[in-house]
Amino acid sequence: MTDIATVDLYCIDLPADEGAVDAMPLVVIHGLLGSADNWRSHLKVWQRSRRVVAVDLRNHGRSPHAEGMAYATMAEDVMALLDKLSIKHAHVLGHSMGGKVAISLARIAPERVASLIVADIAPVAYEHGHDDVFAALESVRDGQPKTRREADELLGEHVDSRPTRLFLATNLVRNDENVMALRVGLDYIKCGYSDIIGLPDGEQPYEGPTLVLRGSDSHYVADDMLPGLREVLPSARVVTLKNAGHWLHADQPEAFQQAVDAFIQAV
């Protein structure tokens, strides 16, 4: 447990289609600067077979902004949400930073996790790599653009990749002053960045069924990380999706969905 108070997370809570109400729920946790909204197309597919809950982590999406980006803190936020939703046991899927939240949740409270699905992240510490992204978002915050085109120009001063800029633009909302403003707690995220790139929380390995999906064009789950990964997730099955990068669920959506469905059905 941490000494930082939990926050009341926003979530998208989709009931299972008729005939699947007794199936184990699936909880989906987004990555850094993402949100539950990024997963809507996947959620609609998965709700055919089970209840699906996609969360907005603290300082992201529609959730409150607050200090503390340690993985134990974010895992406790998710557990508090599950308590609120009366979900005692669920399959848990996390991408990138959300994957480390999911790993932390599984290690801290394994009784809450029926199975674990980790998308393109390993339980290791990474090097700094988001300075350009933070600078781009700060440019938008300081520049107070009136249109998305103006916001894109400001983001482009620091980020060349248009797909990355489009992803970052999902964090913009028009405020009462008719300005495209950030809906992320950027300063809290930057302050907690050393925790974000650090190790997931928890003392013990998670022994339950685990699927690790990685993109063939991504470096986030390299082969030399696999021995350390299996120390934390000894039951992990590692599957590589071809022609996919770090956002593998967007690069290969059907293959991603099929891999998740097959794994859950096997569990």
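Side chains included, hydrogens not; waters and symmetry mates left out as well; all remaining heavy atoms used.
- Just one residue in the list I117, I103, I29 forms a side-chain contact (heavy atoms from CB on, under 4.5 Å) with V92, and that residue is I29.
- In this structure, R165 contributes its side chain and D160 its backbone to a donor-acceptor pair below 3.5 Å.
- Every side-chain hydrogen bond (donor to acceptor under 3.5 Å, both in side chains) that D83 has, sequence neighbours left out, goes to R112.
- Contact of the I12 side chain with the D37 side chain is registered, since non-hydrogen atoms from C-beta on lie closer than 4.5 Å.
- Y188 is linked by a ring-ring contact (aromatic ring centres under 6.0 Å, His included) to nothing, counting only residues two or more places apart in sequence or in another chain.
- Among all heavy-atom pairs drawn from A36 and L43, the shortest one is O-CD1, 4.4 Å.
- Of the charged side-chain nitrogens involved, none lies within less than 4.0 Å of a carboxylate oxygen, so that K88 and E111 do not count as a salt-bridged pair.
- Between V179 and K146, the closest side-chain pair of non-hydrogen atoms falls below 4.5 Å.
- Residues A114 and P209 approach most closely at O-CG, 3.5 Å, considering heavy atoms.
- Looking at I121, V55, V78 one by one, the single match for side-chain contact (heavy atoms from CB on, under 4.5 Å) with V101 turns out to be V78.
- Contact record, A236 with L229: CB-CD2, 3.8 Å, taken as the closest heavy-atom pair.
- Sorted by first and then second residue, the ring-ring contact (aromatic ring centres under 6.0 Å, His included) pairs with a member in residues 11-36 read H30-H60; sequence neighbours excluded.
- Listed by first and then second residue, the side-chain hydrogen bond (donor to acceptor under 3.5 Å, both in side chains) pairs involving residues 222-239 are R214-D223 (not counting sequence neighbours).
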Taking only distance into account, with no hydrogens and no angle test, what donor-acceptor pairs under 3.5 Å do side-chain atoms of residues 244-253 form with protein atoms, sequence neighbours excluded?
unit_1, atom_1, unit_2, atom_2, d
H246, ND1, D120, O, 3.4
H246, ND1, D120, OD2, 2.6
H246, NE2, S96, OG, 2.8
D251, OD2, G245, N, 2.8
Q252, NE2, N243, O, 3.2

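- The heavy-atom pair separating L33 from F167 by the smallest distance is O-CZ, 3.5 Å.
- Looking at K100, its side chain does come within 3.5 Å of a backbone N or O of G198 through a donor-acceptor pair.
- The backbone N or O of G208 sits less than 3.5 Å from a side-chain atom of T210, completing a donor-acceptor pair.
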Atom pairs and distances, side-chain donor-acceptor, residues 124-132, under 3.5 Å, sequence neighbours left out:
unit_1, atom_1, unit_2, atom_2, d
Y126, OH, A122, N, 2.9
Y126, OH, Y220, O, 2.6
H130, ND1, Y193, OH, 2.6

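- Shown here are the salt bridge (charged side-chain N to carboxylate O under 4.0 Å, His left out) partners of R162, two or more places apart in sequence or in another chain: D152.
- Put simply, the side chain of D77 gets close to the backbone of V7: a donor and an acceptor are under 3.5 Å apart.
- Looking at every heavy atom in both residues, D201 comes nearest to A72 through OD2-CB, 3.2 Å.
- The heavy-atom pair separating L9 from L81 by the smallest distance is O-CD1, 3.8 Å.
- When side chains are defined from C-beta on, V212 does not count as touching V239, because their heavy atoms never get closer than 4.5 Å.
- Not counting sequence neighbours, Q204 has no partner by the side-chain contact (heavy atoms from CB on, under 4.5 Å) test.
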- Does the pair R141 and D187 meet the rule for a salt bridge (charged side-chain N to carboxylate O under 4.0 Å, His left out), with working shown? CA-CA 11 Å; R141 182 173 62 184; D187 292 334; 3.3 Å; yes
Only pairs under 3.5 Å count here: list side-chain donor-acceptor contacts from residues 13-27, not counting sequence neighbours, and write none if there are none.
unit_1, atom_1, unit_2, atom_2, d
D13, OD1, R51, NE, 3.0
D13, OD2, R51, NH2, 2.8

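- Between the side chain of R58 and the backbone N or O of P64 there is no donor-acceptor pair closer than 3.5 Å.
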Donor-acceptor contacts under 3.5 Å from residues 259-267 side chains, at least two apart:
unit_1, atom_1, unit_2, atom_2, d
D261, OD1, W46, NE1, 3.2

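- No donor-acceptor pair closer than 3.5 Å links the side chain of N171 to the backbone N or O of V184.
- Without hydrogens or angle criteria, S63 side chain to N59 main chain gives no donor-acceptor distance under 3.5 Å.
- Under the 3.5 Å distance criterion, the side-chain polar atoms of R148 are matched with a main-chain donor or acceptor of L172.
- Taking the charged nitrogens against the carboxylate oxygens, K242 and D217 have no contact shorter than 4.0 Å, which rules out a salt bridge.
- Sorted pairs that involve residues 69-88 and meet ring-ring contact (aromatic ring centres under 6.0 Å, His included), not counting sequence neighbours, are lacking altogether.
- Residues passing the side-chain contact (heavy atoms from CB on, under 4.5 Å) test with E157, sequence neighbours excluded: S139, L154.
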